[in-house]
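The structure under discussion appears below in the form of structure tokens.
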Amino acid sequence: MADTIVILTGAGISAESGLGTFRDTDGLWSKVRIEDVATPEAFARDPARVQEFYNMRRAQAAGAAPNPAHHALARLQRDHPGRVVIVTQNVDGLHEAAGATVLHMHGALDRALCAACDHRWPAPAEMRPEEPCPACGAPAGRPDVVWFGEMPHHMEEIAELLAAADLFVAIGTSGQVYPAAGFVQEARLAGVETLELNLAESDVSAAFDRHEIGPASEIVPDWVDRVLSGGRARG
Ligand code: APR
């Protein structure tokens, strides 16, 4: 029976598509404060500032293209005889643009959410401070992204997937933000093999059985080639 592989991706997989990461040198959080743009309190305090920030990110994401790492994961999902589930922390649509299906645990830039009635709809390119909800009419439209202090999506499903996997792989994430940073421990407790593919050591590298260090656009296609050629999925 072919392996079931659960893959977690982070900002590092989109870095070579021109979308900056958060915590690397020159990362997004070195330019703007999380408290000003990525919390429900920030949105209540200054919705114009928050919308402007996500409008900028939405425009950047719309102008970006998937890189070889995104394409390789889509190929793995298509050609691997077993199950491949991709869970992403990213809010860009580059996995889907490469042909993969993914679980967006932190939401998506191309969706809007009504803070009054929870209705969701495709986000306009530019959201206004008091974006009207097409369902209830309230001026409460916000980006459908998970802010600090909010519960990520799909957590129950992810817990089941981690427990049933043969291999857990983390790609391009610093291991600094929970609950995603805790997935490797959950997988280990379930006896699942773990592999980290990253440009540099992360905060949770010690928890992984194996590591491969390098740019995602190089090490991910290499790893996928090995898996699909019947090599050990575990790197
Ligand atoms: N290839 C592979 N890995 C890379 C590359 C690359 N080209 N460039 C950077 N990296 C790695 C870095 O070494 C780092 O470990 O990607 C990681 C990026 O870390 P962060 O910027 O912290 O991004 P991420 O882990 O995805 O952040 C988690 O935090 O800000 C919140 O909600 C946001 O989803 C995000 C979460």
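As a basis for the values below, the full set of heavy atoms in this structure was taken, side chains included, without hydrogen atoms, waters or symmetry mates. Small disclaimer: the values here were computed from a predicted structure and weren't measured.
Not one N or O on the side chain of S17 forms a donor-acceptor pair closer than 3.5 Å with the backbone of L19. In this structure a side-chain-to-backbone donor-acceptor pair under 3.5 Å is missing from R210 to L195. Here the side chain of N198 pairs no donor or acceptor atom with the backbone of I171 at under 3.5 angstrom. Between the side chain of Q185 and the backbone N or O of A207, no donor-acceptor pair lies under 3.5 Å. With Q51 contributing its side chain and G141 its backbone, the two residues share a donor-acceptor pair below 3.5 Å. Panel note: side chain H104, backbone N90; a donor-acceptor pair is recorded below 3.5 Å. In this structure, the side chain of Q77 does not engage the main chain of A100 through any donor-acceptor pair within 3.5 Å.
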message: I'd like to know whether E131 forms a salt bridge (Lys or Arg N to Asp or Glu O under 4.0 Å) with R128, so could you lay out the CA-CA distance, the side-chain angles of the two residues, the decisive distance to 0.1 Å, and finally the verdict.
response: CA-CA 5 Å; E131 186 74 26; R128 290 163 284 168; 3.5 Å; yes
message: Does D209 form a salt bridge (Lys or Arg N to Asp or Glu O under 4.0 Å) with R188? I'd like the steps, not just the answer.
response: CA-CA 9 Å; D209 299 308; R188 289 181 71 85; 3.4 Å; yes
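The aromatic rings of F168 and F208 sit parallel to each other, their planes meeting at less than 30°, with 60° as the upper class boundary.
Under the 3.5 Å distance criterion, with hydrogens and angles disregarded, a donor-acceptor pair is assigned to the side chains of E196 and H211. There is no side-chain donor-acceptor pair under 3.5 Å between S14 and H95.
Residue V220 is grouped with residue L167 when hydrophobic side chains (ILVMFWY) are merged at heavy-atom distances under 4.5 angstrom, including chains of intermediate members. Side-chain heavy atoms closer than 4.5 Å link hydrophobic residues (I, L, V, M, F, W, Y) into clusters, and following such links, possibly through other members, connects Y54 to F43. Under the 4.5 Å side-chain heavy-atom criterion for ILVMFWY residues, no single connected hydrophobic cluster contains both L109 and M127. Side-chain heavy atoms closer than 4.5 Å link hydrophobic residues (I, L, V, M, F, W, Y) into clusters, and following such links, possibly through other members, connects I34 to M56. Hydrophobic clustering keeps M151 apart from F148 (ILVMFWY residues linked when any side-chain heavy atoms are closer than 4.5 Å, directly or through intermediates).
Counting heavy atoms from C-beta on, the side chains of T173 and F22 never come closer than 4.5 Å. With contacts defined as side-chain heavy-atom distances shorter than 4.5 Å, the pair E186/P179 does not qualify. Contact check for V6 versus F183: no side-chain heavy atoms found under the 4.5 Å cut-off.
Evaluated for a side-chain contact (heavy atoms from CB on, under 4.5 Å) with H70, the options L94, V102, T9 yield exactly one hit, L94. The residue from I13, V84, I5 that alone fulfils the side-chain contact (heavy atoms from CB on, under 4.5 Å) condition with L73 is I13.
Closest approach of A72 and P221 over heavy atoms only: CB-CA, 3.7 Å. Residues C136 and C114 come closest through the heavy atom pair SG-SG, 3.7 Å. Pairing each heavy atom of M105 with each of V87, the nearest pair is SD-CG1, 3.9 Å. Of all the heavy atoms in G10 and Q89, the pair that sits closest is CA-NE2, 3.8 Å. When every heavy atom of R23 is checked against every heavy atom of Q176, the shortest pair comes out as CD-OE1, 3.3 Å. The shortest non-hydrogen separation linking T4 to D166 is N-OD2, 2.6 Å.
Note: D36 CG to F53 CZ = 10.0 Å, rounded to the nearest 0.5 Å. Here CG of L113 is found 5.5 Å from CG of D118. Values are rounded to the nearest 0.5 Å.
Shown here is E150, whose CD atom has more than 12 heavy atoms of other residues, nucleotides or ligands within 6.0 Å.
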